[in-house]
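Below is one structure, written out as structure tokens; the observations come after it.
Worth saying up front: this structure is predicted, and the values here are computed from it rather than measured.
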Amino acid sequence: RSDTSRKGYSMRKTMLAIARDGMTRVRRMAREAPLNFENKLHLLEAEWIFTTAILGGSSGSNTKKNNNTDNVDDRCRNEELILDYYNKSIQSAETHQFLNEEALACERAGMFCVETGRVEMAGPYMKRACQVYLQWGAKSKVRQIERLYGNVIGFEGRMKKKRIA
């Protein structure tokens, strides 16, 4: 490996260790105060699996598997698990009335769908994110989502036409 490659690998390992430590703390807080931390833990679990299993962020991602079918099956199982965690986060945030966290979980689920080629599934998540962000009063965030994902999810320019004050 080159020096640059080793530094990048080392940095990735360090960042994953920090994230793992943070998840451990959130997991403990979720046990102690589930109403406040359950949705956050589910969101972090989805992001962790996405980062380590799908994007190959874990240190074990360099190992080669012999069977390509196993890789595809594992990836599909991981993607379903990730969506399940996003949905649990969305439901928990909605139940406990954390509008900003519900919107964030919807947005991240939509982004995950886009990034993994499930574009048709992204629309409902992004539309709900926009609805909840608007309830929360985050109009600029809605404009950002529409600018970045409008062409993919089919509501480009809605905010411009409606002119929200």
Closest heavy-atom pair and its distance - Glu101, Ala93: C-CB, 4.0 Å
Could you grab the distance from atom CD of Gln131 to atom CG of Leu134, nearest 0.5 Å is fine? 8.0 Å
What are the two closest non-hydrogen atoms of Cys113 and Met121, and how far apart are they? SG-CB, 3.8 Å
Find out whether Ile145 and Met126 are in side-chain contact, i.e. whether some heavy atom of one side chain is under 4.5 Å from a heavy atom of the other. yes
Once you round to the nearest 0.5 Å, how far does CD of Glu47 lie from OG1 of Thr52? 11.0 Å
Quick check against the 3.5 Å criterion: does Thr95 have a side-chain atom that pairs as donor or acceptor with the backbone of Gln91? yes
When you compare the side chain of Met15 with that of Met11, does any pair of heavy atoms fall below 4.5 Å? yes
For Glu120, does the CD atom have more than 12 heavy-atom neighbours from other residues, nucleotides or ligands under 6.0 Å away? yes
Nearest heavy-atom contact between Tyr125 and Leu83 is OH-CD2, 3.9 Å
Compare every heavy atom of Tyr133 with every heavy atom of Asn100, then report the nearest pair and how far apart it is. O-CE2, 4.4 Å
Flag, side chain of Asn78 to backbone of Asp74, donor-acceptor distance under 3.5 Å: yes
Can you check whether Asn39 reaches Glu102 side chain to side chain, under 4.5 Å on heavy atoms? no
If Ile, Leu, Val, Met, Phe, Trp and Tyr residues are connected whenever their side-chain heavy atoms lie under 4.5 Å apart, and connections chain through other members, are Ile90 and Leu35 in the same group? no
Within the structure provided, determine whether Tyr149 and Met111 are in side-chain contact (heavy-atom separation under 4.5 Å). yes
Would you kindly say whether Ser92 and Glu38 are connected by a side-chain donor-acceptor distance under 3.5 Å? yes
Shortest non-hydrogen contact from Leu41 toward Met23: CD1-O, 4.3 Å
Please determine whether side chain to side chain contact (heavy atoms under 4.5 Å, CB included) holds for the pair Leu104 and Glu107, giving the CA-CA distance in whole Å, both sets of side-chain angles, and the decisive distance to 0.1 Å. CA-CA 5 Å; Leu104 176 63; Glu107 179 184 4; 4.2 Å; yes
Could you check whether the rings of Tyr86 and Phe112 sit parallel, tilted or perpendicular, using 30° and 60° as the cut-offs? tilted
Answer with yes or no whether the side chains of Gln144 and Lys141 bring together a donor and an acceptor at under 3.5 Å. yes
Rounded at 0.5 Å granularity, tell me how far NZ in Lys40 sits from CD in Glu45. 13.5 Å
Is there a path from Phe98 to Leu44 through hydrophobic residues (I, L, V, M, F, W, Y) whose side chains come within less than 4.5 Å of each other? no
By the side-chain hydrogen bond (donor to acceptor under 3.5 Å, both in side chains) test, which pairs, at least two apart or in different chains, include something from residues 17-28? Asp21-Arg25
Roughly how far apart are Ile49 CD1 and Arg77 CZ, rounded to 0.5 Å? 13.0 Å
